[in-house]
Asker: 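Below is one structure. I have some questions about it.
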Amino acid sequence: MSARTVLATTTAGLLVAAGAGGYMLWNDHAEQQRLDNDARLAAAAFADAWSSRSLDKATYVGTDPQAAAADFRTTTAQLGNGTIRTSVKSVTRDGDAASAAIDVAWQVSGGQTFSWTDPIALERSNGKWGVVAGKRSLWHPKLQTNDAFVVRLDAGQRGEIKGRDGAGLMTNQSVYDISLDPTKATAASALRMERATSVSGLSAKVVAAKASGSKATIPVITYRKDDFEARASTLRSIDGAVIAERQQPLATNRSFGQPLLGNVGAVTADMIKKNPNTYRSGMYAGTSGLQQQYDSVMLPKAGMTIAARSEPQTVLFGAAAKNGSDLVTTLDPKVQDAAEKALANLPQGSVGAIVAIDVKTSSVLAAANAPTYGIERAVTGRYAPGSTFKIVSGFELLKKGLNPDTKVACPQQTSIDGLSFRNFEGESLGDPTFRDDFAHSCNTAFVNSTKGFAAGDLQQAAALFGIGGDWSKAVGVDGAYTGNVPTSNGATDTAAMTIGQGRVQVSPLAMAAVAASVARGSFVPPTLVTSPAPAGDRTPKPLDASVLTSLRQMMRQTVTDGTATLVNGIVGGDVYAKTGTAEFAEGGKTGAHAWLVGWQGDVAFAVLVADVPTGQTGGSVATPVAKDFLEMYARS
């Protein structure tokens, strides 16, 4: 053989060997890619099975699909049925073993999304890739084997309503919501519930729920702790009864501070519709009064935390609840209680209000209403003040130079532009001084004395005492009424307004502020809510001191020798006051509003008894209520 032939043969052999080695390298690379892809597909199949909650569709090593699916359900049960989004973040393979990272986003309570990255191991067995089970939890890196997620929902505590010096007016206490489960209740057990709670119609509701297949519980009643405990054994023995305890702000009794303070109850469908971002079904919120007005302040922000059952203190997601803020008011429980008890002594069905104000600070100490449901009258009511307005018109007369000791006639009646004005009981004082006219509330003396008033004189005088002023926001109560004294449109209008009739309107709050202004010597807008801080300027506006000296003497004489003698000499010190009777005729109905306004010591007050029969007066109706109020407070 020649050398060339050998060389050619050798070269040919080398070419064949090189071709075989390249093919082998290429084939190995393709195999590795295939294995990588199979591992990634296995991880993706697991992620897809997770998002669709069909974990029995994935392939596993160390467990069977049904066991893995059961473990998933047990572990994640408390996360709820929200949408799950998963994706494969990465896959790294080393031979027949691989590791993958699965991104998980689970929608949980309140629309929040619990997100995490879950590392998993994969192995290739019998030519197939599967997720490795048994070494650790498949569902979260912080979970141990056979662990579970624990979800804690915390509604948080609603803010309370505080009074003067931090006194608790409405504090969080246990209440018990009673309802019926229609799947367990029967018509007979529903009748037992009706008898136990005095709530009618429950049997029919249970029958209707069974017919429709409804499983929703049927609300029955909510009890305070004492009321519940008196019925607890009976309620627990009723088939289908559901008893749920929760916390809710309550006053010392159902009527305390009502309707001003308001109530808390289950949110309504209308509330959810108007404020879907704030309210949801099952929540409790303020439904009336200050509880409703300041609901955004007192409403807690619900909290939710997710942890591992094995490490409950380590929060994996969420935040604790944020309690609502307290509403701070100036109400004094002792003063409020005395005012409410005084009104409770009125005949059943009576309508009235008492407002008490601290003379030094112009803080509202009490705002009591009768009845204690329905309309709030003490702060927002609108009534003619009757002769209590003579504090204002008397001040203006004194300021214009009328001496209290000047003789001012008090005839039985007088006429202004053909319109007749008379004294309430048709009396005549003969030849009295002006201070006597004030003390005995002589209408004709005031009407005749104010004939020369300009159109705006009474309006301006009333403004000095805050009537009609722009201070309602300083009170902190929606609808707080400061009163109205319009510009007079003529002599008869002036005459009517002089004695607190005609177009003059006030609230008990406004008249209590008038009395406090006389006692203090300046007008300071009253306030009831102090936190959140209300708007408005509360700078004192001084009144003419020399005029006030005479006015105070006249108000004292009203008590010692006038229309309010019933409060003379009572416990607690000297009382300064003015009675008022405002007659009305509306819609074929006639009657009167009876008033007494004044002060004793540092407590100024306005007492209103509305809609009393014609013939009754402030002296005969409102003054006894004021006496009860002042004496009960003095002895408290």
Side-chain angles (χ1 to χ4, degrees), residues 155-175 224-226 246-264 284-286 288-301 321-342 354-369 372 376 378-379 473-478 480 509 512-513 516 520 524-536 538 572 601-605 629 632-636:
Q157 284 232 319
R158 185 176 180 83
E160 300 180 333
I161 298 183
K162 302 291 188 179
R164 195 180 196 185
D165 298 328
L169 302 182
M170 292 189 78
T171 58
N172 285 305
Q173 301 173 43
S174 291
V175 296
R224 288 170 171 254
K225 186 175 183 179
D226 290 347
R246 60 181 173 83
Q247 293 285 299
Q248 178 174 310
L250 299 174
T252 53
N253 57 66
R254 290 181 182 83
S255 62
F256 183 86
Q258 296 301 322
L260 174 67
L261 298 183
N263 290 294
V264 174
Y284 289 84
S288 63
L290 294 181
Q291 289 283 4
Q292 183 178 50
Q293 179 182 339
Y294 289 96
D295 193 53
S296 62
V297 173
M298 293 186 281
L299 190 69
K301 183 177 181 181
K322 183 178 180 181
N323 293 335
S325 298
D326 291 340
L327 182 74
V328 182
T329 76
T330 60
L331 297 176
D332 185 318
K334 289 184 178 179
V335 186
Q336 180 74 25
D337 188 56
E340 292 185 2
K341 286 179 177 176
I354 296 177
V355 173
I357 291 179
D358 181 81
V359 171
K360 293 180 179 178
T361 64
S362 202
S363 301
V364 178
L365 303 176
N369 289 273
T372 55
E376 199 293 317
V379 175
K473 289 183 179 178
V475 183
V477 179
D478 283 348
L509 172 67
R520 185 189 310 110
V524 178
T527 190
L528 193 150
V529 174
T530 59
S531 180
R538 301 190 71 235
D602 287 332
V603 177
F605 60 86
F629 161 60
M632 279 190 280
Y633 172 58
R635 291 177 175 135
S636 64

Asker: Indicate yes or no: at least one non-hydrogen side-chain atom of Pro249 is less than 4.5 angstrom from one of Ile161.
Answerer: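 No; the side chains remain at least 4.5 Å from each other.
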
Asker: Check Thr527 against Ala474 and note the closest heavy-atom contact, atom names and distance.
Answerer: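 So the two residues come closest at OG1-O, 2.8 Å.
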
Asker: Heavy atoms only: give me the nearest Ser174-Leu250 pair and the separation to one decimal.
Answerer: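 Distance-wise, the nearest heavy atoms are O-CD1, 4.4 Å.
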
Asker: Supply the atom-to-atom distance Glu376 CD to Leu509 CG, rounded to the nearest 0.5 angstrom.
Answerer: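 The distance works out to 9.0 Å.
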
Asker: Test side chain to side chain contact (heavy atoms under 4.5 Å, CB included) on Asp337 and Tyr633 and set out the steps.
Answerer: CA-CA 8 Å; Asp337 188 56; Tyr633 172 58; over 6 Å; no

Asker: Identify the two heavy atoms, one from Leu327 and one from Pro532, that lie closest to each other, and give their separation to 0.1 Å.
Answerer: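 Scanning both residues completely, I find the closest heavy atoms to be CD1-CD, 3.6 Å.
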
Asker: Just by distance, do the side chain of Arg538 and the backbone of Pro525 share a donor-acceptor pair under 3.5 Å?
Answerer: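 Flag set: sc Arg538 to bb Pro525 pair under 3.5 Å.
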
Asker: Apply side chain to side chain contact (heavy atoms under 4.5 Å, CB included) to Lys334 and Arg164, showing your working.
Answerer: CA-CA 10 Å; Lys334 289 184 178 179; Arg164 195 180 196 185; over 6 Å; no

Asker: Applying side chain to side chain contact (heavy atoms under 4.5 Å, CB included), run through Gln258 and Asn263 and close with a yes or a no.
Answerer: CA-CA 9 Å; Gln258 296 301 322; Asn263 290 294; 3.6 Å; yes

Asker: Measure the spacing between CD of Gln248 and OG1 of Thr171 and express it to the nearest 0.5 Å.
Answerer: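 Those atoms lie 11.0 Å apart.
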
Asker: Is Glu340 reaching over with its side chain to a backbone N or O of Gly257, donor-acceptor style, under 3.5 angstrom?
Answerer: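 Indeed, once roles are kept as given, a pair shorter than 3.5 Å links the two residues.
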
Asker: Do Leu261 and Phe256 make a side-chain contact, defined as non-hydrogen atoms from C-beta onward lying under 4.5 Å apart?
Answerer: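 Yes, at least one pair of side-chain atoms sits under 4.5 Å.
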
Asker: Looking at Val328, is its backbone amide N or carbonyl O close enough to the side chain of Asp326 to form a donor-acceptor pair, meaning the two atoms are under 3.5 Å apart?
Answerer: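 The answer is no, because no donor-acceptor pair under 3.5 Å joins these two groups.
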
Asker: Step by step, would you call Leu290 with Met298 a side chain to side chain contact (heavy atoms under 4.5 Å, CB included)?
Answerer: CA-CA 10 Å; Leu290 294 181; Met298 293 186 281; 5.5 Å; no

Asker: CE/Met170 to OG1/Thr329 distance, rounded to the nearest 0.5 angstrom?
Answerer: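 Met170 CE to Thr329 OG1: 11.5 Å, rounded to 0.5 Å.
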
Asker: Taking the side chain as everything from C-beta on, heavy atoms only, tell me whether Thr330 gets closer than 4.5 Å to Asp358.
Answerer: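 With C-beta onward as the side chain, the pair stays apart.
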
Asker: Over all heavy atoms of both residues, which pair between Ala285 and Leu299 is shortest? Give the atoms and the distance, please.
Answerer: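 Smallest interatomic distance, heavy atoms only, reads CB-CD1, 4.3 Å.
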
Asker: Can you tell me which residue among Val355, Thr361, Val359 is in a side chain to side chain contact (heavy atoms under 4.5 Å, CB included) with Ile357?
Answerer: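 Filter result, single survivor: Val355.
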
Asker: Indicate the atoms forming the closest heavy-atom contact of Ala634 with Gly572, along with that distance.
Answerer: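 Closest approach of Ala634 to Gly572, heavy atoms only: CB-CA, 4.2 Å.
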
Asker: Counting only N and O atoms by type, is there a donor-acceptor contact under 3.5 Å from the side chain of Gln293 to the main-chain atoms of Gly476?
Answerer: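 A pair under 3.5 Å: yes.
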
Asker: Should the pair Arg158 and Tyr284 be classed as cation-pi, given the thresholds of under 6.0 Å to the six-membered ring centre and 45° from the axis?
Answerer: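 Judged by the rule (NZ or CZ under 6.0 Å from the ring centre, within 45° of its axis), Arg158 is not positioned above Tyr284.
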
Asker: Report yes if the side chains of Ser363 and Leu331 come closer than 4.5 Å at any heavy-atom pair, otherwise no.
Answerer: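 No. Closest side-chain heavy atoms not under 4.5 Å.
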
Asker: Do the side chains of Lys225 and Gln173 get nearer than 4.5 Å, heavy atoms only?
Answerer: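 When only atoms from C-beta onward are counted, Lys225 and Gln173 do not touch, as no gap falls below 4.5 Å.
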
Asker: Search all heavy atoms of Ile354 against all heavy atoms of Ala339 and return the closest pair with its distance.
Answerer: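 So the two residues come closest at CD1-O, 3.6 Å.
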
